[in-house]
Amino acid sequence: MSRSKSLAVKYLAAAVLLFGVMTLAGLASAVYYINPDFLFGFVPFNVAKILHIDTMIIWLLMGFMGAVYWFLPEEFGCEPAGIWAAEILFWVFVAAVLAVAAIFVFVQWGPGTETTLWLFQQGRKYVEAPRWAAIGVALVMLVFAWNVVGTALKARRITGVMAVMSVNMVPLVLLYLIAFPKIDNMAVDLYWWWWLVHLWVEATWEILIGCIMALAMMKLLGTSRRIVEGWLYVEVALVLGTGILGLGHHYFWIGTPDYWLGIGGFFSALEPLPLLGMVVHAVYDAGVHRMKTSNQPAFYWTLAEAFGNFLGGGVFGFMITLPQLNLFAHGTQWTVSHGHFAFWGAYACGVLSVCYIALQEQRRLVTVNGSGWVWAFVLLNGGLIGMVGSLLVAGMAQAFFERAIGGSTLEAFIAGQENPWFMLGMYSRFGFGLMFAAGYLTLAWNLSALGRRQVAAVPQPMPAE
Amino acid sequence: MSPVVFLVTSSLLGFMVLAAGAYALLYGAARFRESYALLIAAGFAYAMLALDAAGIVLATPLTPPWKLLIAASALAYFAIPPLTWRALQYAHREEGTHL
(Lines give C-alpha, C1' and ligand atoms only; values in the text may rest on other atoms or scores of the structure.)
Protein backbone atom coordinates (compact mmCIF):
# COMPACT_ATOMS: atom_id res chain seq x y z
CA MET A 1 0.00 0.00 0.00
CA SER A 2 1.29 3.48 -0.83
CA ARG A 3 2.38 5.93 1.85
CA SER A 4 -0.58 8.13 1.04
CA LYS A 5 -3.03 5.26 1.56
CA SER A 6 -1.33 4.27 4.83
CA LEU A 7 -1.75 7.85 5.98
CA ALA A 8 -5.38 7.76 4.81
CA VAL A 9 -6.06 4.70 6.96
CA LYS A 10 -4.56 6.48 9.98
CA TYR A 11 -6.75 9.53 9.36
CA LEU A 12 -9.88 7.42 8.90
CA ALA A 13 -9.12 5.42 12.06
CA ALA A 14 -8.58 8.64 14.03
CA ALA A 15 -11.83 10.00 12.58
CA VAL A 16 -13.79 6.94 13.72
CA LEU A 17 -12.25 7.18 17.21
CA LEU A 18 -13.16 10.87 17.46
CA PHE A 19 -16.65 10.00 16.21
CA GLY A 20 -16.87 7.91 19.38
CA VAL A 21 -15.70 10.80 21.57
CA MET A 22 -18.28 13.03 19.90
CA THR A 23 -21.00 10.46 20.59
CA LEU A 24 -19.98 10.10 24.23
CA ALA A 25 -19.85 13.89 24.76
CA GLY A 26 -23.22 14.22 23.01
CA LEU A 27 -24.72 11.58 25.26
CA ALA A 28 -23.36 13.42 28.31
CA SER A 29 -24.81 16.70 27.01
CA ALA A 30 -28.19 14.97 26.64
CA VAL A 31 -28.05 13.83 30.28
CA TYR A 32 -27.61 17.43 31.53
CA TYR A 33 -31.03 18.32 30.12
CA ILE A 34 -32.57 15.56 32.21
CA ASN A 35 -30.34 15.90 35.27
CA PRO A 36 -28.61 19.33 35.40
CA ASP A 37 -26.45 18.19 38.36
CA PHE A 38 -24.79 15.52 36.26
CA LEU A 39 -20.97 15.61 36.79
CA PHE A 40 -21.46 18.76 38.86
CA GLY A 41 -18.16 20.40 39.72
CA PHE A 42 -16.18 18.21 37.36
CA VAL A 43 -17.33 18.63 33.77
CA PRO A 44 -19.99 21.34 33.33
CA PHE A 45 -22.53 21.25 30.51
CA ASN A 46 -20.67 23.81 28.39
CA VAL A 47 -17.49 21.70 28.39
CA ALA A 48 -19.39 18.57 27.32
CA LYS A 49 -21.08 20.60 24.59
CA ILE A 50 -17.77 22.07 23.39
CA LEU A 51 -16.28 18.59 23.22
CA HIS A 52 -19.34 17.37 21.32
CA ILE A 53 -19.34 20.03 18.61
CA ASP A 54 -15.57 20.47 18.29
CA THR A 55 -14.93 16.75 17.90
CA MET A 56 -17.73 16.72 15.34
CA ILE A 57 -15.79 19.25 13.25
CA ILE A 58 -12.47 17.47 13.74
CA TRP A 59 -13.64 13.91 13.03
CA LEU A 60 -15.31 15.01 9.83
CA LEU A 61 -12.25 17.02 8.80
CA MET A 62 -10.00 14.04 9.50
CA GLY A 63 -12.43 11.82 7.59
CA PHE A 64 -12.28 14.14 4.56
CA MET A 65 -8.50 14.26 4.70
CA GLY A 66 -8.32 10.48 4.98
CA ALA A 67 -10.60 10.14 1.97
CA VAL A 68 -8.52 12.57 -0.10
CA TYR A 69 -5.23 10.88 0.84
CA TRP A 70 -6.84 7.58 -0.13
CA PHE A 71 -7.86 8.67 -3.62
CA LEU A 72 -4.95 11.02 -4.39
CA PRO A 73 -2.41 8.41 -5.60
CA GLU A 74 -5.08 6.79 -7.79
CA GLU A 75 -5.95 10.11 -9.40
CA PHE A 76 -2.38 11.11 -10.19
CA GLY A 77 -0.56 7.77 -10.30
CA CYS A 78 2.10 8.91 -7.83
CA GLU A 79 2.66 9.66 -4.15
CA PRO A 80 1.42 13.11 -3.08
CA ALA A 81 3.93 15.95 -3.03
CA GLY A 82 5.15 16.57 0.50
CA ILE A 83 3.71 13.34 1.88
CA TRP A 84 6.47 13.34 4.51
CA ALA A 85 5.12 16.62 5.93
CA ALA A 86 1.58 15.24 5.97
CA GLU A 87 2.79 12.13 7.82
CA ILE A 88 4.47 14.24 10.51
CA LEU A 89 1.54 16.61 10.80
CA PHE A 90 -0.89 13.75 11.32
CA TRP A 91 0.77 12.99 14.66
CA VAL A 92 1.02 16.69 15.49
CA PHE A 93 -2.71 17.00 14.71
CA VAL A 94 -3.59 14.03 16.93
CA ALA A 95 -1.40 15.31 19.79
CA ALA A 96 -2.96 18.77 19.51
CA VAL A 97 -6.50 17.36 19.59
CA LEU A 98 -5.68 15.34 22.72
CA ALA A 99 -4.02 18.36 24.39
CA VAL A 100 -6.96 20.64 23.60
CA ALA A 101 -9.44 18.04 24.87
CA ALA A 102 -7.44 17.76 28.10
CA ILE A 103 -7.44 21.57 28.47
CA PHE A 104 -11.22 21.69 27.95
CA VAL A 105 -11.82 18.98 30.56
CA PHE A 106 -9.24 19.93 33.23
CA VAL A 107 -8.58 23.69 32.80
CA GLN A 108 -11.85 24.79 31.16
CA TRP A 109 -11.37 28.59 31.33
CA GLY A 110 -9.03 31.36 32.36
CA PRO A 111 -9.06 35.11 32.99
CA GLY A 112 -10.18 37.41 30.16
CA THR A 113 -6.66 38.01 28.91
CA GLU A 114 -4.55 37.28 25.86
CA THR A 115 -2.95 34.40 27.76
CA THR A 116 -6.31 32.62 27.91
CA LEU A 117 -6.85 33.13 24.18
CA TRP A 118 -3.43 31.72 23.38
CA LEU A 119 -3.29 28.85 25.88
CA PHE A 120 -6.76 27.79 27.02
CA GLN A 121 -9.59 28.70 24.69
CA GLN A 122 -10.91 31.46 22.44
CA GLY A 123 -14.54 31.21 23.55
CA ARG A 124 -16.01 31.27 20.06
CA LYS A 125 -18.42 28.46 19.30
CA TYR A 126 -16.98 25.70 17.08
CA VAL A 127 -13.53 27.34 17.21
CA GLU A 128 -12.98 27.34 20.96
CA ALA A 129 -9.54 25.75 20.55
CA PRO A 130 -6.77 28.06 21.81
CA ARG A 131 -4.73 29.98 19.27
CA TRP A 132 -1.75 27.66 19.36
CA ALA A 133 -4.04 24.81 18.31
CA ALA A 134 -5.76 26.98 15.70
CA ILE A 135 -2.34 27.76 14.20
CA GLY A 136 -1.73 24.01 14.13
CA VAL A 137 -4.99 23.38 12.27
CA ALA A 138 -4.14 26.18 9.80
CA LEU A 139 -0.73 24.54 9.23
CA VAL A 140 -2.35 21.15 8.66
CA MET A 141 -4.75 22.77 6.15
CA LEU A 142 -1.83 24.46 4.35
CA VAL A 143 0.08 21.20 4.02
CA PHE A 144 -3.12 19.44 2.93
CA ALA A 145 -3.56 22.07 0.19
CA TRP A 146 0.08 21.63 -0.80
CA ASN A 147 -0.39 17.85 -1.01
CA VAL A 148 -3.34 18.25 -3.38
CA VAL A 149 -2.13 21.12 -5.59
CA GLY A 150 1.54 20.10 -5.45
CA THR A 151 0.73 16.55 -6.58
CA ALA A 152 -1.12 17.88 -9.62
CA LEU A 153 1.90 20.01 -10.48
CA LYS A 154 4.26 17.09 -9.86
CA ALA A 155 2.21 14.72 -12.03
CA ARG A 156 1.83 17.44 -14.72
CA ARG A 157 -1.80 16.49 -15.24
CA ILE A 158 -5.16 17.32 -13.73
CA THR A 159 -8.59 15.74 -13.71
CA GLY A 160 -11.87 17.63 -13.43
CA VAL A 161 -12.46 16.40 -9.87
CA MET A 162 -8.97 17.34 -8.77
CA ALA A 163 -9.21 20.74 -10.46
CA VAL A 164 -12.35 21.51 -8.44
CA MET A 165 -10.70 20.21 -5.28
CA SER A 166 -7.55 22.24 -5.91
CA VAL A 167 -9.48 25.49 -6.37
CA ASN A 168 -11.51 24.64 -3.27
CA MET A 169 -8.28 24.49 -1.24
CA VAL A 170 -8.00 28.28 -1.47
CA PRO A 171 -11.19 29.10 0.52
CA LEU A 172 -10.60 26.05 2.72
CA VAL A 173 -7.34 27.58 3.95
CA LEU A 174 -8.28 31.27 3.83
CA LEU A 175 -11.68 31.03 5.54
CA TYR A 176 -10.17 29.17 8.46
CA LEU A 177 -8.08 32.26 9.25
CA ILE A 178 -11.30 33.84 10.57
CA ALA A 179 -10.80 31.57 13.59
CA PHE A 180 -8.12 33.97 14.89
CA PRO A 181 -9.21 37.60 15.31
CA LYS A 182 -10.51 38.90 18.63
CA ILE A 183 -13.25 41.40 17.75
CA ASP A 184 -14.86 43.18 20.70
CA ASN A 185 -18.07 44.16 18.89
CA MET A 186 -20.24 41.06 19.10
CA ALA A 187 -22.28 41.82 15.96
CA VAL A 188 -19.13 42.36 13.87
CA ASP A 189 -17.53 39.28 15.39
CA LEU A 190 -20.58 37.13 14.57
CA TYR A 191 -20.75 38.59 11.07
CA TRP A 192 -17.29 37.27 10.24
CA TRP A 193 -17.60 34.16 12.41
CA TRP A 194 -20.47 32.99 10.19
CA TRP A 195 -18.10 33.14 7.22
CA LEU A 196 -16.11 30.47 8.95
CA VAL A 197 -19.06 28.41 10.16
CA HIS A 198 -21.32 28.69 7.11
CA LEU A 199 -18.91 29.24 4.23
CA TRP A 200 -16.16 26.96 5.50
CA VAL A 201 -18.38 24.18 6.74
CA GLU A 202 -21.39 24.53 4.45
CA ALA A 203 -19.75 25.67 1.22
CA THR A 204 -16.11 24.53 0.98
CA TRP A 205 -16.92 21.32 2.81
CA GLU A 206 -19.90 20.72 0.50
CA ILE A 207 -17.59 20.95 -2.50
CA LEU A 208 -14.95 18.81 -0.81
CA ILE A 209 -17.46 16.04 0.02
CA GLY A 210 -18.84 16.41 -3.53
CA CYS A 211 -15.34 15.70 -4.92
CA ILE A 212 -14.87 12.81 -2.48
CA MET A 213 -18.23 11.26 -3.38
CA ALA A 214 -17.45 11.69 -7.09
CA LEU A 215 -14.24 9.69 -6.59
CA ALA A 216 -16.12 7.18 -4.43
CA MET A 217 -18.82 6.66 -7.07
CA MET A 218 -16.20 5.89 -9.71
CA LYS A 219 -14.57 3.40 -7.38
CA LEU A 220 -17.73 1.89 -5.96
CA LEU A 221 -20.03 1.71 -8.97
CA GLY A 222 -17.62 2.06 -11.85
CA THR A 223 -19.46 5.20 -12.96
CA SER A 224 -17.61 6.97 -15.75
CA ARG A 225 -15.50 10.01 -14.98
CA ARG A 226 -17.40 12.05 -17.56
CA ILE A 227 -20.68 11.54 -15.70
CA VAL A 228 -19.44 12.20 -12.17
CA GLU A 229 -17.50 15.26 -13.27
CA GLY A 230 -20.55 16.61 -15.10
CA TRP A 231 -22.63 16.32 -11.91
CA LEU A 232 -19.83 17.76 -9.82
CA TYR A 233 -19.80 20.90 -11.97
CA VAL A 234 -23.57 21.18 -11.54
CA GLU A 235 -23.16 20.84 -7.78
CA VAL A 236 -20.46 23.50 -7.66
CA ALA A 237 -22.68 25.87 -9.65
CA LEU A 238 -25.59 25.23 -7.27
CA VAL A 239 -23.45 25.68 -4.17
CA LEU A 240 -22.14 28.95 -5.53
CA GLY A 241 -25.65 29.98 -6.64
CA THR A 242 -27.63 29.18 -3.51
CA GLY A 243 -25.19 28.29 -0.73
CA ILE A 244 -23.05 31.41 -0.60
CA LEU A 245 -25.87 33.90 -0.18
CA GLY A 246 -27.78 31.32 1.85
CA LEU A 247 -25.33 32.55 4.48
CA GLY A 248 -27.86 35.34 4.95
CA HIS A 249 -30.17 33.12 7.04
CA HIS A 250 -27.55 33.28 9.79
CA TYR A 251 -27.54 37.07 9.67
CA PHE A 252 -31.19 37.52 10.65
CA TRP A 253 -30.91 38.52 14.31
CA ILE A 254 -27.29 39.50 14.94
CA GLY A 255 -27.41 43.23 14.26
CA THR A 256 -26.93 43.17 10.48
CA PRO A 257 -28.99 45.37 8.08
CA ASP A 258 -32.58 44.35 7.24
CA TYR A 259 -31.82 43.45 3.63
CA TRP A 260 -30.24 40.23 4.88
CA LEU A 261 -33.74 39.03 5.80
CA GLY A 262 -34.75 39.03 2.13
CA ILE A 263 -31.44 37.75 0.78
CA GLY A 264 -31.09 35.00 3.37
CA GLY A 265 -34.72 33.87 3.09
CA PHE A 266 -34.72 33.84 -0.72
CA PHE A 267 -31.50 31.90 -1.26
CA SER A 268 -32.25 29.51 1.60
CA ALA A 269 -35.62 28.75 0.01
CA LEU A 270 -33.75 27.73 -3.16
CA GLU A 271 -31.45 25.33 -1.33
CA PRO A 272 -33.87 22.34 -1.29
CA LEU A 273 -34.22 22.43 -5.10
CA PRO A 274 -30.85 20.81 -5.94
CA LEU A 275 -31.38 18.32 -3.13
CA LEU A 276 -34.47 17.07 -4.94
CA GLY A 277 -32.35 16.36 -8.02
CA MET A 278 -30.00 14.43 -5.74
CA VAL A 279 -32.87 12.18 -4.57
CA VAL A 280 -33.72 11.37 -8.21
CA HIS A 281 -30.04 10.70 -8.93
CA ALA A 282 -29.82 8.31 -5.96
CA VAL A 283 -32.89 6.39 -7.21
CA TYR A 284 -31.37 6.25 -10.70
CA ASP A 285 -28.05 4.88 -9.45
CA ALA A 286 -29.80 2.35 -7.23
CA GLY A 287 -31.86 1.29 -10.26
CA VAL A 288 -28.90 0.99 -12.63
CA HIS A 289 -27.01 -1.19 -10.17
CA ARG A 290 -30.08 -3.05 -8.86
CA MET A 291 -28.90 -2.22 -5.31
CA LYS A 292 -25.94 -4.55 -5.84
CA THR A 293 -22.23 -3.78 -5.60
CA SER A 294 -19.22 -5.59 -4.22
CA ASN A 295 -19.35 -3.22 -1.25
CA GLN A 296 -22.89 -3.09 0.13
CA PRO A 297 -22.17 -0.95 3.23
CA ALA A 298 -20.38 1.74 1.21
CA PHE A 299 -23.27 1.82 -1.26
CA TYR A 300 -25.93 2.04 1.44
CA TRP A 301 -24.05 4.78 3.30
CA THR A 302 -23.89 6.71 0.01
CA LEU A 303 -27.67 6.38 -0.38
CA ALA A 304 -28.11 7.41 3.27
CA GLU A 305 -26.10 10.52 2.50
CA ALA A 306 -28.40 11.54 -0.35
CA PHE A 307 -31.61 11.02 1.65
CA GLY A 308 -30.19 12.33 4.94
CA ASN A 309 -29.00 15.49 3.22
CA PHE A 310 -32.43 16.00 1.65
CA LEU A 311 -34.38 15.41 4.86
CA GLY A 312 -32.00 17.16 7.26
CA GLY A 313 -30.98 20.08 5.08
CA GLY A 314 -34.09 20.36 2.91
CA VAL A 315 -37.16 19.43 4.98
CA PHE A 316 -35.92 20.33 8.47
CA GLY A 317 -34.15 23.45 7.19
CA PHE A 318 -37.07 24.78 5.17
CA MET A 319 -39.37 24.68 8.20
CA ILE A 320 -37.34 27.38 9.94
CA THR A 321 -35.54 29.30 7.21
CA LEU A 322 -37.99 32.07 6.32
CA PRO A 323 -37.35 35.11 8.54
CA GLN A 324 -40.93 35.36 9.87
CA LEU A 325 -40.66 31.83 11.26
CA ASN A 326 -36.97 31.91 12.10
CA LEU A 327 -37.76 34.78 14.47
CA PHE A 328 -39.36 32.20 16.78
CA ALA A 329 -37.35 29.07 16.00
CA HIS A 330 -33.85 30.57 15.95
CA GLY A 331 -31.55 29.08 18.58
CA THR A 332 -34.08 26.57 19.93
CA GLN A 333 -33.78 22.79 19.91
CA TRP A 334 -35.55 23.00 16.54
CA THR A 335 -32.35 24.43 15.04
CA VAL A 336 -30.42 21.71 16.84
CA SER A 337 -32.55 19.01 15.22
CA HIS A 338 -31.92 20.55 11.77
CA GLY A 339 -28.17 20.82 12.46
CA HIS A 340 -27.86 17.21 13.62
CA PHE A 341 -29.77 15.80 10.66
CA ALA A 342 -28.06 17.98 8.05
CA PHE A 343 -24.52 17.28 9.27
CA TRP A 344 -25.25 13.57 9.50
CA GLY A 345 -26.68 13.42 6.01
CA ALA A 346 -24.34 15.78 4.24
CA TYR A 347 -21.03 14.66 5.70
CA ALA A 348 -20.98 11.81 8.22
CA CYS A 349 -22.62 9.23 5.96
CA GLY A 350 -20.15 10.11 3.16
CA VAL A 351 -17.13 9.64 5.42
CA LEU A 352 -18.46 6.27 6.64
CA SER A 353 -18.95 5.22 3.04
CA VAL A 354 -15.30 5.98 2.26
CA CYS A 355 -14.22 4.04 5.39
CA TYR A 356 -15.77 0.90 3.90
CA ILE A 357 -14.25 1.58 0.46
CA ALA A 358 -10.78 1.92 1.98
CA LEU A 359 -11.33 -1.13 4.18
CA GLN A 360 -12.23 -3.29 1.18
CA GLU A 361 -8.99 -2.51 -0.59
CA GLN A 362 -6.79 -2.50 2.49
CA ARG A 363 -7.98 -5.97 3.53
CA ARG A 364 -8.20 -7.17 -0.07
CA LEU A 365 -11.82 -8.28 0.19
CA VAL A 366 -13.73 -9.47 -2.87
CA THR A 367 -17.00 -8.40 -1.30
CA VAL A 368 -17.92 -6.49 1.85
CA ASN A 369 -21.05 -7.86 3.43
CA GLY A 370 -22.34 -9.61 6.54
CA SER A 371 -24.84 -8.59 9.18
CA GLY A 372 -22.60 -6.36 11.35
CA TRP A 373 -22.73 -3.35 9.09
CA VAL A 374 -26.52 -3.74 8.72
CA TRP A 375 -26.94 -3.52 12.51
CA ALA A 376 -24.64 -0.51 12.66
CA PHE A 377 -26.49 1.14 9.76
CA VAL A 378 -29.92 0.56 11.30
CA LEU A 379 -28.94 1.55 14.85
CA LEU A 380 -27.06 4.69 13.79
CA ASN A 381 -29.70 5.93 11.35
CA GLY A 382 -32.61 4.85 13.57
CA GLY A 383 -31.00 6.51 16.58
CA LEU A 384 -30.29 9.66 14.62
CA ILE A 385 -33.81 9.90 13.21
CA GLY A 386 -35.23 9.32 16.69
CA MET A 387 -32.96 12.00 18.15
CA VAL A 388 -33.81 14.63 15.56
CA GLY A 389 -37.51 13.79 15.87
CA SER A 390 -37.31 14.24 19.65
CA LEU A 391 -35.39 17.49 19.27
CA LEU A 392 -38.00 18.67 16.79
CA VAL A 393 -40.78 18.10 19.34
CA ALA A 394 -38.75 19.85 22.06
CA GLY A 395 -37.85 22.71 19.71
CA MET A 396 -41.43 23.22 18.59
CA ALA A 397 -42.53 23.37 22.24
CA GLN A 398 -39.75 25.85 22.97
CA ALA A 399 -40.57 28.06 19.97
CA PHE A 400 -44.29 27.92 20.77
CA PHE A 401 -44.33 28.42 24.55
CA GLU A 402 -41.10 30.35 25.16
CA ARG A 403 -40.92 32.50 22.04
CA ALA A 404 -44.34 32.89 20.44
CA ILE A 405 -46.47 32.92 23.62
CA GLY A 406 -43.95 33.98 26.26
CA GLY A 407 -42.12 36.61 24.22
CA SER A 408 -38.60 35.32 25.00
CA THR A 409 -38.43 36.63 28.56
CA LEU A 410 -36.38 34.85 31.22
CA GLU A 411 -39.60 33.61 32.81
CA ALA A 412 -40.76 32.28 29.47
CA PHE A 413 -37.41 30.56 28.99
CA ILE A 414 -37.73 28.77 32.32
CA ALA A 415 -41.37 27.86 31.57
CA GLY A 416 -40.29 26.53 28.19
CA GLN A 417 -37.56 24.38 29.74
CA GLU A 418 -40.06 22.92 32.21
CA ASN A 419 -42.77 22.31 29.63
CA PRO A 420 -43.82 18.62 29.49
CA TRP A 421 -43.42 18.49 25.70
CA PHE A 422 -39.91 19.88 25.98
CA MET A 423 -39.02 17.38 28.70
CA LEU A 424 -40.55 14.51 26.73
CA GLY A 425 -38.32 15.50 23.82
CA MET A 426 -35.25 15.57 26.06
CA TYR A 427 -35.93 12.12 27.60
CA SER A 428 -36.71 10.69 24.22
CA ARG A 429 -33.56 12.25 22.72
CA PHE A 430 -31.47 10.57 25.41
CA GLY A 431 -33.12 7.20 24.71
CA PHE A 432 -32.42 7.45 20.99
CA GLY A 433 -28.93 8.74 21.84
CA LEU A 434 -28.29 5.43 23.59
CA MET A 435 -29.46 3.65 20.46
CA PHE A 436 -27.10 5.78 18.37
CA ALA A 437 -24.22 4.99 20.77
CA ALA A 438 -24.99 1.27 20.42
CA GLY A 439 -24.84 1.81 16.66
CA TYR A 440 -21.44 3.47 17.00
CA LEU A 441 -20.06 0.56 19.01
CA THR A 442 -21.39 -1.88 16.41
CA LEU A 443 -19.83 0.19 13.64
CA ALA A 444 -16.44 0.35 15.38
CA TRP A 445 -16.52 -3.41 15.97
CA ASN A 446 -17.60 -4.04 12.39
CA LEU A 447 -14.87 -1.82 10.91
CA SER A 448 -12.18 -3.49 12.99
CA ALA A 449 -13.35 -7.08 12.49
CA LEU A 450 -14.81 -7.03 8.97
CA GLY A 451 -13.21 -9.50 6.58
CA ARG A 452 -10.58 -10.69 8.99
CA ARG A 453 -11.58 -14.30 8.31
CA GLN A 454 -12.39 -13.93 4.62
CA VAL A 455 -10.17 -15.11 1.78
CA ALA A 456 -8.17 -12.17 0.50
CA ALA A 457 -8.34 -11.14 -3.15
CA VAL A 458 -7.99 -7.96 -5.13
CA PRO A 459 -11.38 -6.19 -5.18
CA GLN A 460 -12.90 -4.98 -8.42
CA PRO A 461 -15.54 -2.28 -8.71
CA MET A 462 -18.87 -3.73 -9.81
CA PRO A 463 -19.42 -2.63 -13.43
CA ALA A 464 -22.67 -0.87 -14.18
CA GLU A 465 -25.28 -3.14 -15.74
CA MET B 1 -48.47 35.91 13.46
CA SER B 2 -50.22 34.05 16.29
CA PRO B 3 -48.40 31.16 18.02
CA VAL B 4 -50.68 28.53 16.47
CA VAL B 5 -50.41 30.02 12.98
CA PHE B 6 -46.62 30.08 13.36
CA LEU B 7 -46.52 26.34 14.06
CA VAL B 8 -48.99 25.56 11.27
CA THR B 9 -47.07 27.67 8.71
CA SER B 10 -43.78 26.09 9.63
CA SER B 11 -45.24 22.59 9.45
CA LEU B 12 -46.79 23.34 6.05
CA LEU B 13 -43.40 24.47 4.72
CA GLY B 14 -41.71 21.32 6.00
CA PHE B 15 -44.48 19.14 4.58
CA MET B 16 -44.13 20.85 1.20
CA VAL B 17 -40.48 19.81 0.86
CA LEU B 18 -41.26 16.36 2.27
CA ALA B 19 -43.99 15.90 -0.34
CA ALA B 20 -41.52 17.06 -3.00
CA GLY B 21 -39.11 14.35 -1.84
CA ALA B 22 -41.86 11.72 -1.95
CA TYR B 23 -42.79 12.87 -5.46
CA ALA B 24 -39.14 12.64 -6.61
CA LEU B 25 -38.67 9.22 -5.02
CA LEU B 26 -41.89 7.79 -6.45
CA TYR B 27 -41.28 9.35 -9.87
CA GLY B 28 -37.81 7.79 -10.01
CA ALA B 29 -39.15 4.42 -8.84
CA ALA B 30 -41.98 4.62 -11.39
CA ARG B 31 -39.60 5.28 -14.28
CA PHE B 32 -37.17 2.64 -13.09
CA ARG B 33 -39.85 -0.04 -12.69
CA GLU B 34 -41.96 1.31 -15.56
CA SER B 35 -44.90 1.13 -13.17
CA TYR B 36 -48.07 3.04 -13.89
CA ALA B 37 -49.25 2.59 -10.29
CA LEU B 38 -46.08 4.23 -8.96
CA LEU B 39 -46.48 7.06 -11.46
CA ILE B 40 -49.99 7.66 -10.13
CA ALA B 41 -48.59 7.59 -6.58
CA ALA B 42 -45.98 10.18 -7.67
CA GLY B 43 -48.79 12.31 -9.08
CA PHE B 44 -50.65 11.96 -5.79
CA ALA B 45 -47.55 13.09 -3.88
CA TYR B 46 -47.25 16.12 -6.14
CA ALA B 47 -50.97 16.86 -5.66
CA MET B 48 -50.32 16.88 -1.90
CA LEU B 49 -47.45 19.29 -2.49
CA ALA B 50 -49.61 21.57 -4.65
CA LEU B 51 -52.42 21.49 -2.09
CA ASP B 52 -49.95 22.29 0.66
CA ALA B 53 -48.47 25.18 -1.36
CA ALA B 54 -51.98 26.49 -2.02
CA GLY B 55 -52.64 26.35 1.72
CA ILE B 56 -49.48 28.37 2.38
CA VAL B 57 -50.41 30.95 -0.25
CA LEU B 58 -54.06 31.29 0.79
CA ALA B 59 -54.09 30.76 4.52
CA THR B 60 -50.81 31.90 6.07
CA PRO B 61 -49.76 35.44 7.01
CA LEU B 62 -46.55 35.35 4.93
CA THR B 63 -46.12 38.50 2.85
CA PRO B 64 -46.84 38.36 -0.94
CA PRO B 65 -43.19 38.08 -2.11
CA TRP B 66 -42.69 34.99 0.04
CA LYS B 67 -45.96 33.51 -1.19
CA LEU B 68 -44.83 34.11 -4.77
CA LEU B 69 -41.58 32.31 -3.97
CA ILE B 70 -43.52 29.36 -2.54
CA ALA B 71 -45.75 29.18 -5.63
CA ALA B 72 -42.74 29.36 -7.97
CA SER B 73 -40.96 26.69 -5.91
CA ALA B 74 -44.00 24.41 -6.16
CA LEU B 75 -43.86 24.69 -9.96
CA ALA B 76 -40.10 24.11 -10.00
CA TYR B 77 -40.54 21.00 -7.84
CA PHE B 78 -42.83 19.59 -10.51
CA ALA B 79 -40.20 19.94 -13.23
CA ILE B 80 -37.06 18.84 -11.38
CA PRO B 81 -37.58 15.02 -11.24
CA PRO B 82 -38.44 14.54 -14.97
CA LEU B 83 -35.68 16.92 -16.06
CA THR B 84 -33.11 15.27 -13.82
CA TRP B 85 -34.18 11.82 -15.01
CA ARG B 86 -33.83 12.90 -18.63
CA ALA B 87 -30.43 14.42 -17.98
CA LEU B 88 -29.29 11.22 -16.25
CA GLN B 89 -30.51 9.06 -19.14
CA TYR B 90 -28.71 11.31 -21.60
CA ALA B 91 -25.50 11.24 -19.57
CA HIS B 92 -25.54 7.47 -19.20
CA ARG B 93 -26.59 6.71 -22.79
CA GLU B 94 -23.07 6.71 -24.17
CA GLU B 95 -21.94 4.46 -21.34
CA GLY B 96 -24.63 1.92 -22.18
CA THR B 97 -25.80 2.02 -18.57
CA HIS B 98 -28.99 3.99 -18.95
CA LEU B 99 -32.38 2.76 -17.74
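Below, each value reflects all heavy atoms present in this structure, side chains not excepted, and no hydrogens, waters or symmetry copies.
Listed options A/A282, A/P323, A/G230, A/A269 were ranked by heavy-atom pairs under 4.5 angstrom with chain B; first place goes to A/P323. The residue among B/I70, B/L12, B/L62 with the most heavy atom pairs within less than 4.5 Å of chain A is B/L62. Per-residue counts of heavy-atom pairs under 4.5 Å with chain A were compared for B/G28, B/A76, B/G21, B/A29; the largest is that of B/G21. Residue with the most contacts toward chain A among B/A72, B/G14, B/S73: B/G14 (heavy-atom pairs, distance under 4.5 Å).
At distances below 3.5 Å, at least one donor-acceptor pair connects side-chain atoms of A/T256 with backbone N or O atoms of A/Y251. A donor-acceptor pair under 3.5 Å links the side-chain atoms of B/S10 to the main chain of A/M319, judged by distance alone. Looking only at distances, a side-chain donor or acceptor of A/H338 sits under 3.5 Å from a matching main-chain atom of A/G312. Between the side chain of A/E271 and the main chain of A/G314, no donor-acceptor pair closer than 3.5 Å is present.
Contacts from residues 258-267 of chain A to chain B, taken as heavy-atom pairs separated by less than 4.5 Å, involve A/L261, A/G262, A/G265, A/F266 in sequence order. Heavy-atom neighbours of chain B within the stretch residues 400-413 of chain A, taken at a separation under 4.5 angstrom, comprise A/F400, A/A404, A/I405.
Side-chain contact between A/W231 and A/I227 is present, with at least one heavy-atom pair separated by less than 4.5 Å. Counting heavy atoms from C-beta outward, B/M16 and B/M48 have side chains that stay 4.5 Å or more apart. For the pair A/L273 and B/Y77, the minimum side-chain heavy-atom distance is below 4.5 Å. A/E206 places a side-chain heavy atom less than 4.5 Å from the side chain of A/Y347. A heavy-atom distance below 4.5 Å is found between the side chains of A/H281 and A/D285.
Side chains of B/T60 and B/T9: a donor-acceptor N/O pair is absent below 3.5 angstrom, by distance only. For the residue pair A/W344 / A/N381, a side-chain donor-acceptor distance below 3.5 Å is found, with atom types taken as modelled.
In this structure, A/R225 places its CZ atom where more than 12 heavy-atom neighbours from other residues, nucleotides or ligands lie under 6.0 Å away. Counting heavy atoms of neighbouring residues, nucleotides and ligands inside a 6.0 Å radius, atom CZ of B/F44 does not exceed 12 of them.
A ring-centre distance under 6.0 Å is found for B/Y46 and B/F78.
Neither the backbone nor the side chain of B/S2 comes within contact range of chain A; no heavy atoms are under 4.5 Å apart. Only the side chain of A/L311 comes within contact range of chain B, judged by heavy atoms closer than 4.5 Å. For B/L18, the parts lying under 4.5 angstrom from a heavy atom of chain A are both the backbone and the side chain. Using a 4.5 Å cut-off between heavy atoms, A/A399 contacts chain B through both its backbone and its side chain. Both the backbone and the side chain of A/L325 come within contact range of chain B, with heavy atoms under 4.5 Å apart. Heavy-atom distances place both the backbone and the side chain of B/L25 under 4.5 Å from chain A. For a residue to count as touching a neighbouring chain, one of its non-hydrogen atoms must lie under 4.5 Å from one of that chain's; by this rule A/F318 touches chain B with backbone and side chain alike.
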Let me see the working for B/Y90 and B/R86 under side chain to side chain donor-acceptor pair (under 3.5 Å), right down to the final yes or no.
-> CA-CA 6 Å; B/Y90 179 77; B/R86 206 166 298 170; over 6 Å; no

